[in-house]
**Student:** 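Please read through the structure below; I'll follow up with questions.
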There are 2 protein chains.
Amino acid sequence: MASDSLPEKKRISESTIHRLSLYYRALSVLEKEGFETVSSKGLAKREKLTPAQVRKDLSFFGSFGTRGLGYPVVELREKISQILGIDRSWRVALVGVGNIGSALVSYKEFQKQGFKIVKLFDNDQRKIGSNHKGIVVSDIKNLANELELDNIEMVVVAVPATVAQYVVDDIVKAGIKAILNFAPVNLKVPDDVFLRNENMSMELEYLSFALVNDHIPKRVR
Amino acid sequence: MASDSLPEKKRISESTIHRLSLYYRALSVLEKEGFETVSSKGLAKREKLTPAQVRKDLSFFGSFGTRGLGYPVVELREKISQILGIDRSWRVALVGVGNIGSALVSYKEFQKQGFKIVKLFDNDQRKIGSNHKGIVVSDIKNLANELELDNIEMVVVAVPATVAQYVVDDIVKAGIKAILNFAPVNLKVPDDVFLRNENMSMELEYLSFALVNDHIPKRVR
DNA sequence: TCAAATATGTGAAATGCTTCACAAGAAAAT
DNA sequence: ATTTTCTTGTGAAGCATTTCACATATTTGA
Ligand SMILES: NC(=O)c1ccc[n+]([C@@H]2O[C@H](COP(=O)([O-])OP(=O)(O)OC[C@H]3O[C@@H](n4cnc5c(N)ncnc54)[C@H](O)[C@@H]3O)[C@@H](O)[C@H]2O)c1
Ligand SMILES: NC(=O)c1ccc[n+]([C@@H]2O[C@H](COP(=O)([O-])OP(=O)(O)OC[C@H]3O[C@@H](n4cnc5c(N)ncnc54)[C@H](O)[C@@H]3O)[C@@H](O)[C@H]2O)c1
């Protein structure tokens with residue numbers, strides 16, 4: 001069959017992608033500090049990784065270094081921003097302007113990074129129409145319409161766990177392909193929708209486990 | 001050498017611990033729904049894992065199921081809560097009562113789960129002395145003293161990235177062994193201190209990468 | 001009571017990820 | 001110019017995690 005011989009799309013591990021974020025952050029700092037080049041060793045040290053790991057990760061995407069010298073800081077940072085797709089800005093909507101939602105809207109770093117929260121939704125009449133950092137809260141009823149009209153590409157979900165699935169169903173119906181969820185619930189989305197969960201309880205539980213078991217994990221992410 | 005023959009402490013992978021949290025959550029729901037038993041298949045389906053994965057994870061800690069029947073819901077939930085160390089409560093302090101810090105203090109689920117935020121610290125004179133959900137904000141200057149006096153076991157760090165390392169150094173000096181950090185910076189802590197990072201930008205960057213590369217990771221965590 | 005169905009627990013295999021180790025390329029020193 | 005030093009890029013090895021597959025135990029139904 002023809003489909004058997006289609007060139008296999010190179011799949012990158014989740015860990016590698018997360019480490020690219022770390023490299024990006026480290027390179028931004030190095031740039032500010034005035035370094036022109038950095039070795040895999042130098043980069044590894046900043047993020048508590050091994051030099052081999054750094055080189056291997058980068059090698060999945062090309063060869064950006066110079067033997068004997070290292071990597072050019074600015075160039076590599078730019079290259080990684082291209083790989084991560086953060087060399088542009090993203091139009092983001094947020095659903096659920098409560099405790100955590102408000103904190104996220106107020107967080108300027110997201111905007112600076114290019115994740116522009118340009119739309120807010122809630123179902124509470126007291127919140128609809130109110131202004132948060134220059135954005136007027138929309139009624140969740142108009143979600144589908146307004147997401148499309150406003151060319152939203154990512155949605156952050158910060159509603160109670162009990163309603164998160166319904167909200168996500170609507171978001172998916174509106175054609176959104178990337179969702180960041182803060183509700184502690186396992187949401188069902190179609191295969192072509194990227195969903196990430198931010199689960200703070202899980203991290204506290206990890207710490208609890210570590211304290212109780214004096215835990216050293218086999219491999220640290 | 002004697003140390004060569006010491007019984008090797010069983011090391012559990014980070015992924016397994018995270019999945020225990022998922023099982024715990026799923027079991028709590030199943031309990032509410034009135035189920036008395038659940039199979040590895042049933043549990044796996046709820047959390048989008050494989051039955052073999054569920055059985056293997058649990059097998060690291062003992063055998064809790066009955067062949068032909070499955071696992072007793074209540075018993076297994078209790079067992080996992082023991083393993084995770086959440087069959088008790090933890091005294092938690094939070095440093096940095098800003099946007100995200102305030103959201104965390106207001107979040108009742110943490111308290112319900114046994115993560116009791118009982119102490120708040122800030123360095124802003126306008127915040128020190130003010131009351132958040134019944135807790136009076138303390139001056140960061142008294143950190144070491146008050147952490148000890150109040151038997152704090154975990155600290156959540158929600159201060160600006162620029163000062164996070166200083167704050168963490170003080171927390172470590174005060175003898176705290178578990179820290180949850182929200183600042184997007186790689187903090188240095190001694191080997192015997194457990195540090196977890198909650199990095200929201202990283203998750204947005206992951207979504208960005210996924211959209212740009214139409215990414216399917218090799219393995220989903 | 002016995003057969004069929006179900007589902008665990010676990011070695012072993014398969015897969016994935018990290019680290020090793022070194023050839024090769026480039027810079028720096030002499 | 002030549003040697004030495006440095007550091008990348010990458011197969012291959014080593015290690016960790018997941019999945020497979022099945023013996024075994026228990027329940028269910030006849
Ligand atoms: N606050 C935290 O620190 C924290 C921490 C971890 C996880 N979470 C999770 O984040 C989510 C939000 O938490 P929160 O503390 O901000 O809660 P919250 O109650 O303060 O905010 C929830 C918001 O969602 C809105 N909402 C409810 N139903 C809606 C619907 N159908 N459509 C649109 N909007 C709707 C509410 O009006 C409210 O403004 C929850 O799932 C919670 O479990 C919160
Ligand atoms: N707000 C968000 O949604 C969000 C999202 C991701 C990450 N973060 C990170 O979380 C951290 C806090 O963010 P925020 O938006 O809440 O900021 P914020 O400025 O609202 O809050 C920071 C708080 O820390 C206090 N503080 C400053 N220096 C201190 C010190 N030395 N000791 C004690 N307290 C001190 C400030 O007075 C303030 O109350 C930052 O590192 C930020 O990057 C925030």
Side-chain angles (χ1 to χ4, degrees), chain A residues 8-20 22-23 26-27 30 35-73 75-76 79-80 83 206 215-221, chain B residues 8-20 22-23 26-27 30 35-73 75-76 79-80 83 206 215-221:
Chain A
E8 187 70 20
K9 195 167 162 46
K10 193 176 51 183
R11 284 158 162 234
I12 302 294
S13 79
E14 196 183 357
S15 312
T16 292
I17 302 167
H18 276 152
R19 283 192 298 268
L20 287 182
L22 297 181
Y23 303 149
L27 288 161
L30 285 162
F35 290 91
E36 300 210 333
T37 59
V38 65
S39 64
S40 58
K41 198 174 160 189
L43 211 40
K45 202 167 183 191
R46 295 220 168 207
E47 298 296 336
K48 272 186 290 213
L49 301 165
T50 64
Q53 180 86 84
V54 173
R55 295 200 298 275
K56 181 63 92 180
D57 283 338
L58 296 176
S59 79
F60 294 136
F61 302 97
S63 28
F64 313 117
T66 307
R67 288 165 192 224
L69 185 61
Y71 300 92
V73 170
E75 247 178 85
L76 184 60
K79 187 70 206 173
I80 292 178
I83 295 168
Y206 189 103
H215 181 251
I216 300 147
K218 281 207 195 168
R219 197 180 265 177
V220 184
R221 208 187 345 149
Chain B
E8 186 71 22
K9 196 168 161 50
K10 193 177 53 184
R11 284 155 162 237
I12 302 295
S13 78
E14 196 183 357
S15 313
T16 293
I17 302 167
H18 275 151
R19 283 191 300 268
L20 288 182
L22 297 180
Y23 304 149
L27 289 161
L30 285 162
F35 289 91
E36 300 209 334
T37 60
V38 65
S39 64
S40 58
K41 199 174 158 188
L43 210 40
K45 202 167 184 191
R46 297 220 167 205
E47 298 296 335
K48 273 186 288 212
L49 301 166
T50 63
Q53 180 86 84
V54 173
R55 294 199 300 276
K56 181 63 89 181
D57 283 338
L58 296 175
S59 79
F60 293 136
F61 303 97
S63 26
F64 312 117
T66 307
R67 290 168 191 220
L69 186 62
Y71 300 91
V73 169
E75 247 178 84
L76 184 59
K79 189 69 206 172
I80 292 178
I83 296 167
Y206 189 102
H215 181 250
I216 300 147
K218 282 206 195 169
R219 198 178 264 180
V220 184
R221 208 185 350 146

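Proteins get letters first, then strands, A, B, ... in listed order; numbering begins at 1 in each.
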**Student:** Mind calculating the distance between NZ (B/Lys79) and P (C/dT8) to the nearest angstrom?
**Tutor:**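 In whole Å, C/dT8 P and B/Lys79 NZ are 18 Å from each other.
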**Student:** Without decimals, in angstroms, what is the distance between B/Lys56 NZ and D/dC20 C1'?
**Tutor:**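 It works out to 10 Å between those atoms.
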**Student:** Contacts to DNA chain D from residues 60-68 of chain A, heavy-atom cutoff under 4.0 Å, which residues?
**Tutor:** A/Ser63, A/Phe64, A/Gly65, A/Thr66, A/Arg67, A/Gly68
**Student:** Heavy-atom distance under 4.5 Å between the side chains of A/Tyr71 and A/Leu27, does that happen here?
**Tutor:** no
**Student:** Quick check on DNA chain D: between A/Ser39 and B/Leu69, whose nearest nucleotide comes earlier from the 5' end?
**Tutor:** A/Ser39
**Student:** Nearest-Å distance, CZ (A/Arg11) to P (C/dT15)?
**Tutor:**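 Computing the A/Arg11:CZ to C/dT15:P distance gives 13 Å.
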**Student:** Could you tell me if the side chain of A/Leu49 sits less than 4.5 Å from the side chain of A/Tyr23, heavy atoms only?
**Tutor:** yes
**Student:** Take atom CG of B/Leu49 and atom P of D/dT18, then tell me their distance rounded to the nearest Å.
**Tutor:** 9 Å
**Student:** Rounded to whole angstrom units, what separation is found between the CD atom of B/Glu47 and the C1' atom of D/dT18?
**Tutor:**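 Rounding to the nearest Å, CD of B/Glu47 and C1' of D/dT18 are 18 Å apart.
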**Student:** Less than 4.0 angstrom between a side-chain N/O of B/Ser40 and OP1 or OP2 of C/dT8, yes or no?
**Tutor:**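 For B/Ser40, the contact criterion (side-chain N or O under 4.0 Å from OP1 or OP2 of C/dT8) is met.
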**Student:** Figure out the CZ/C1' separation between A/Arg55 and C/dC22, and round it to whole Å.
**Tutor:** 11 Å
**Student:** Side-chain contact test, heavy atoms from C-beta onward, threshold under 4.5 Å: evaluate it for A/Arg46 versus A/Val38 and give yes or no.
**Tutor:** no
**Student:** Can you check whether B/Asp57 reaches B/Ile12 side chain to side chain, under 4.5 Å on heavy atoms?
**Tutor:** no
**Student:** Could you please name the option among D/dA12, C/dG9, C/dT10 that lies closest to any side-chain atom of B/Tyr71?
**Tutor:** C/dG9
**Student:** Would you say that more than 12 heavy atoms from the other residues, nucleotides or ligands in this model lie under 6.0 Å from the NZ of A/Lys48, or not?
**Tutor:**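 Counting other residues, nucleotides and ligands, NZ of A/Lys48 exceeds 12 neighbours.
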**Student:** Provide the closest heavy-atom pair for A/Pro51 versus A/Lys41 in the form atom of the first, atom of the second, distance.
**Tutor:** CG-CA, 3.9 Å
**Student:** From CG of A/Leu58 over to P of C/dT18, roughly how many Å is that when rounded to an integer?
**Tutor:**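 It works out to 13 Å between those atoms.
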**Student:** Can you identify which nucleotide, out of C/dC20, C/dT8, C/dT18, has its nearest atom closest to the A/Gln53 side chain?
**Tutor:** C/dT18
**Student:** Does C/dT19 have OP1 or OP2 sitting under 4.0 Å from an N or O in the side chain of A/Thr50?
**Tutor:**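 Result: yes.
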**Student:** Please find the pair of heavy atoms, one from B/Ala44 and one from B/Thr50, that lie closest to each other, and give the distance.
**Tutor:** CB-C, 3.5 Å
**Student:** Using atom NE2 of A/His18 as one end and atom P of C/dT18 as the other, report the distance to the nearest whole Å.
**Tutor:**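 A/His18 atom NE2 is separated from C/dT18 atom P by 13 Å.
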**Student:** Please work out if A/Thr16 contacts a base, only the sugar-phosphate, or nothing of the nucleic acid, heavy-atom cut-off 4.0 Å.
**Tutor:**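 Nothing, no heavy atom under 4.0 Å.
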